[in-house]
Amino acid sequence: MINITLPDGSIKKYSEVVSGLKIAESISQSLAKNSLVIKINNKLQDLSINIDYDCSVEIITKKSPEALDIIRHDAAHVMAEAVQEIFPKTKVAIGPTIKDGFYYDFDSDVSFSPDDFKKIEKKMSQIIKRNNKFVREIWDRKKALKFFEDKNEIYKVEIIKSLNEDEDLTIYKQGEWVDLCRGPHSISTGFINYSFKIMKIAGAYWRGNSKNKMLQRIYATAWIKENDLIDYINRITEAEKRDHRKLGNELELFHIQEESIGNIFWHPKGWTLYRICQEYMRKKLNQSNYKEVRTPSLIDKRLWEESGHWEKFRENMFITQGEDEKPMALKPMNCPAHVQIFKQGIKSYRDLPYRMSEFGSCHRNEPSGSLHGLMRVRGFTQDDAHIFCTKDQINSETESFCKLLTEIYNDFGFTKINIRFADRPEKRAGDDSTWDQAENALENAIKAIDLPYQKDPGGGAFYGPKLDFVLTDTLGREWQCGTLQVDFVLPERLDASYIDERGSKVRPVMLHRAILGSMERFIGVLMESTGGKFPLWLAPIQIMITNISEESIEYAKKIHEICINRNLRAEIDIRNEQLNYKIREHSNKKIPIILVVGRNEMKDQNVSIRRLGSEKQEIVTLKKAIDEIENASYMP
RNA sequence: GCUGUUGUAGCUUAGUGGUAAAGCACUUGCAUGGUAAGCAAGAGAUCGAGGUUUCGAUUACCUCCAACAGCACCA
C-alpha cells in the first residue's frame with residue numbers, strides 16, 4: 001500500500017506504483033486536465049514520475065503560483081527546438097525562466113533579427129501543435145557526453161563536464177529534440193494552451209563571462225491566458241511612457257548631448273527639482289548632526305595612490321594634468337578628501353562620531369554601454385557622508401542611518417525598499433574578529449529596526465561589509481541608491497586617528513554612506529515612480545495661473561505676484577489662446593494646480609482651482625486658495 | 001567594453017538611387033474664447049560624421065560617433 005497525503009491532509013491509498021497524473025485523475029478529470037507537474041515532498045517533479053513510497057503531494061495546476069514558471073520552461077524548450085529547426089547549425093546553451101518570461105542562449109553564425117521573430121513564433125506554434133510528450137530520461141555521463149559531442153553541442157558538453165561526476169543527468173526529449181535539463185516539465189508541448197511572444201534579442205556572454213564568446217539571447221514571455229499576455233504587453237507599453245528620459249524631454253527637465261555623454265544638462269525646471277531635493281536633504285542631514293563640507297574635484301595623483309584608488313580604480317578615473325605635467329584626477333569618490341579634513345587638527349574620542357557630509361560632485365569613466373539616462377552617468381553628485389567612529393559605534397550609527405533613510409524614502413513615496421546585506425568576500429583586508437564585529441553590527445541594526453533584507457554572501461567590499469538600498473525603475477530594473485559601507489582600511493592608509501580616553505592614538509572606523517546615492521539616479525527613479533506627476537512640494541512649477549480673456553489679465557498678474565511673494569513656484573499664462581488649449585497644455589506638462597480666472601472670479605475675488613488628474617473645478621476665495629496651497633506645499 | 005538594432009526640422013514620425021513629407025511646437029494675421037487641441041498663412045532639415053561605389057547617395061557599402069536593448073562592469 002502506498003499512502004499519498006494530499007494538501008488537505010486526507011490520505012489516498014494506492015495498491016501499486018502510481019504516477020502524478022494517475023493521482024490527479026483519481027481525484028477528478030478536470031484536475032488532471034489542468035495539471036502541470038506535481039510537488040512530491042515539497043519538490044517539483046514531472047507528473048509522469050512513478051511514486052512507490054509514502055509521501056505528501058500537491059498537484060500543481062494552471063492556477064498554482066508555480067504554473068507560470070513551468071510553462072515558461074516548457075516554452076523555452078519549444079523555442080530552442082524551433083530555432084534549431086529554422087537555423088540548423090545553431091548550438092544551444094542555456095534557457096532558464098526569468099521574471100515575466102524566459103530566454104534561451106544560442107550560438108549561430110547567422111545573427112537573428114527581429115524579422116525572424118515571426119518565423120520562430122510560427123514554428124513554435126507548430127511544435128506545440130505536434131504535442132510531443134516531454135519524455136524524461138536519466139542518462140549516464142558517458143552517454144550524455146557522447147550524444148552531445150556527436151551533435152557538436154559544445155555548450156551542453158561543457159555544462160556536463162562542469163557537473164559532479166556522480167550526478168545523474170536528466171534529459172528531456174520532445175519528439176526528436178533532446179535537451180539536457182533538470183526539469184520538471186509538463187506532460188507535452190501542447191498540453192497547456194498558453195500564449196507566448198518573442199520580445200527581444202540581445203547579446204550575452206557564455207557563462208556570464210566577458211572573456212567568453214558572446215551568444216545570442218532571445219527573450220520571450222509566456223502566459224497561461226491570452227489576456228495575461230495582453231495585459232503584460234500593455235503594462236510594458238505604459239511603463240515605457242514613464243521612462244525618465246522621455247519625461248525629462250517632455251517636461252523640459254534635462255538633456256544629454258554627444259559633446260558630453262554621461263553628463264547632464266539640467267534645464268531650469270529640472271534644476272529646480274534637483275535643488276529642492278538637495279535642500280530637503282540638507283535639512284534632514286542638518287537635523288541628524290551632519291556637518292556639510294566641500295572638497296576639490298581635481299586632486300593630485302599622490303593622494304589617489306595613497307588611498308589605493310590609483311591602483312584599484314584607475315580605469316574608471318578621468319585623469320588630467322596640472323602644472324609641470326603633474327597627473328591629477330577628477331575625484332570619483334569623496335572619501336580621501338574627507339579624510340584630509342578629518343586629519344586637520346587633532347581629534348578626540350569626544351568628537352566621535354564625526355559625521356561629515358558633502359554633495360560631492362564625482363566623475364567616473366563608466367563603460368559606454370552601461371550609460372543610461374540619469375541612472376548611470378559619468379558626472380554625478382552624491383549625497384555623500386563619512387562617519388568617523390569607533391567600532392562600538394558602528395551599530396548605533398547604522399541603526400540611526402537606516403531610520404533616517406527609511407524616513408527620507410517614505411517622504412519621496414518609496415515604501416518598498418530592497419536591502420542587500422553583503423558580507424565578507426574571499427579577498428579582504430582586516431582580521432576576522434573585526435569583520436565579525438562589523439557584520440554583526442550591520443545585521444543587528446537592520447534587524448533592530450525590523451527591515452526585511454536579502455543576503456549577498458561574499459558581496460562586500462574588500463575593506464568592509466555593506467548594506468545596499470535598491471530601488472527599481474518603471475520596468476523593474478534595479479538601481480542601487482542608498483548604501484552604507486564599513487571601512488577599516490582607508491583610515492589606516494591615509495593615517496587618520498583620534499585620541500582615546502587613555503590618551504593613545506587610535507584608528508577610527510569609517511562608514512561611507514549615501515541615502516539618495518547619486519542625485520541624478522535618485523531623481524531619475526523618482527521621475528519614473530511618479531510618472532512626472534510630482535507631489536506639490538517637489539513640482540518644479542506648482543501653480544499655473546491663467547486668464548480666460550483679456551479683461552482678467554490684471555487680476556491674473558496680481559495673483560501671480562501674491563504667489564511669488566509667498567514663495568510658491570507659480571507661473572502665469574496670459575497668452576492669447578483659448579482656455580481649452582491652455583488647460584490641455586498645462587495638464588500635459590503635469591502642473592499640479594491650474595488657477596483659472598475670468599470675469600466672474602475677478603468680480604468676487606475668487607479663483608477656480610483645477611487639480612492635476614481631476615476635471616473638477618473648485619471656486620474658492622483667492623485668500624483661501626493661496627493659504628490652502630501654501631499649507632499643502634511645505635517640504636516634509 | 002561586447003552583441004544586435006536605430007540615427008530624417010525643436011519633438012514624434014513618413015519616404016526615395018535624381019538634395020525630402022506630415023502632425024505638434026515656433027512666427028504672423030484673424031478669432032476674445034469658461035476648463036484637455038479655434039481658423040489661416042509663414043518660416044524651419046546640406047536626412048548623425050567621414051569615406052567608398054555611382055553620371056548622381058539621405059537612400060547601397062565601409063569606418064567612426066551617439067542613442068536604445070541586453071550582457072559584462074558598478075571600487
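Chain identifiers are assigned alphabetically (A, B, ...) following the order of the sequence lines, protein sequences preceding nucleic acid strands; residue numbering begins at 1 within each chain. All values derive from a computational prediction rather than experimental measurement.
- The same atom, C1', is picked in B/G17 and in B/U53; the two are 12 Å apart, to the nearest Å.
- Counting only Watson-Crick and G-U wobble pairs whose two key distances fall under 3.5 Å, RNA chain B forms stems of three or more stacked pairs at B:1-7 with B:65-71, B:10-13 with B:21-24, B:26-30 with B:38-42, B:48-52 with B:60-64.
- If you take atom C1' in B/A66 and the same atom in B/A20, they sit 24 Å apart, rounded to whole Å.
- In this structure, A/Ile559 CD1 and A/Gln605 CD are separated by 8.0 Å, a value rounded to the nearest 0.5 Å.
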Can you check each nucleotide of nucleotides 25-33 of chain B against protein heavy atoms at under 4.0 Å and return B for base, S for sugar-phosphate only, - for none, in 5' to 3' order?
-> SS----BBB
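- The nearest heavy atom of RNA chain B to A/Glu601 and to A/Phe112 marks one nucleotide each, and the one closer to the 5' end goes with A/Phe112.
- Rounding to whole angstrom units, CG of residue A/Asn588 and C1' of B/U35 are separated by 14 Å.
- In this structure, A/Phe388 and A/Phe342 have parallel ring planes: the angle between them is below the 30° cut-off, well short of the 60° mark.
- Listed by first then second residue, pairs satisfying ring-ring contact (aromatic ring centres under 6.0 Å, His included) with a partner in residues 509-528 of chain A read A/His386-A/His512, A/Tyr409-A/Phe522, A/Phe412-A/Phe522, A/Phe414-A/Phe522, A/Tyr463-A/His512, not counting sequence neighbours.
- Applying the side-chain hydrogen bond (donor to acceptor under 3.5 Å, both in side chains) test to residues at least two apart or on different chains, the pairs with a partner in residues 513-525 of chain A are A/Tyr290-A/Arg513.
- Scanning residues 604-620 of chain A for heavy-atom distances under 4.0 Å to RNA chain B yields A/Ser608, A/Arg610, A/Gln617.
- When the C1' atom is used for both B/A57 and B/A25, the distance is 31 Å, rounded to whole Å.
- Here the two rings, on A/Phe265 and A/His255, have centers that are under 6.0 Å apart.
- Applying the ring pair (Phe, Tyr, Trp, His ring centres under 6.0 Å) rule to A/Tyr453 yields no partners; only residues at least two apart in sequence or on another chain are considered.
- Residue pairs meeting the salt bridge (charged side-chain N to carboxylate O under 4.0 Å, His left out) criterion with at least one member in residues 455-464 of chain A, sequence neighbours excluded: A/Glu443-A/Lys455.
- Listed by chain and residue number, nothing satisfies the salt bridge (Lys or Arg N to Asp or Glu O under 4.0 Å) test with A/Asp69 (two or more places apart in sequence, or in another chain).
- Between the side chain of A/Arg420 and the backbone N or O of A/Phe469 there is no donor-acceptor pair closer than 3.5 Å.
- Between the P atoms of B/U58 and B/G18, the separation comes to 11 Å (whole Å).
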Heavy-atom protein contacts under 4.0 Å, nucleotides 64-75 of chain B, coded B base, S sugar-phosphate only, - none = -SSSSSBBBBBB
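- Nucleotides B/G29 and B/A67 place their P atoms 42 Å apart, quoted to the nearest Å.
- With both ends at atom P, the span from B/U6 to B/G15 equals 13 Å, rounded to whole Å.
- Every pair passing salt bridge (charged side-chain N to carboxylate O under 4.0 Å, His left out) that includes a residue from residues 479-493 of chain A is listed here, sequence neighbours excluded: A/Glu492-A/Arg507.
- Using bins of under 30°, 30° to 60° and over 60° for the plane-to-plane angle, the ring pair A/Trp266/A/Trp271 lands in the tilted bin.
- Using atom P as the reference point in both B/U8 and B/A45, the two lie 15 Å apart (nearest Å).
- Among residues two or more places apart in sequence or in another chain, the side chain to side chain contact (heavy atoms under 4.5 Å, CB included) test is passed with A/Pro592 by A/Leu536, A/Ala539.
- Following rounding to the nearest Å, A/Asn212 (CG) and B/G1 (C1') show an atom-to-atom distance of 15 Å.
- When the nearest nucleotides of RNA chain B are assigned to A/Lys246 and A/Ile583 by heavy-atom distance, the more 5′-ward of the two goes with A/Lys246.
- Rounded to an integer number of Å, the gap from CD of A/Gln257 to P of B/C11 is 11 Å.
- Scanning for ring pair (Phe, Tyr, Trp, His ring centres under 6.0 Å) contacts around A/Tyr104 gives A/Phe106, with sequence neighbours left out.
- Between B/U16 and B/U59, the distance separating the two P atoms is 13 Å to the nearest Å.
- A/Phe112 and A/Phe87 have their aromatic ring centers within a separation under 6.0 angstrom.
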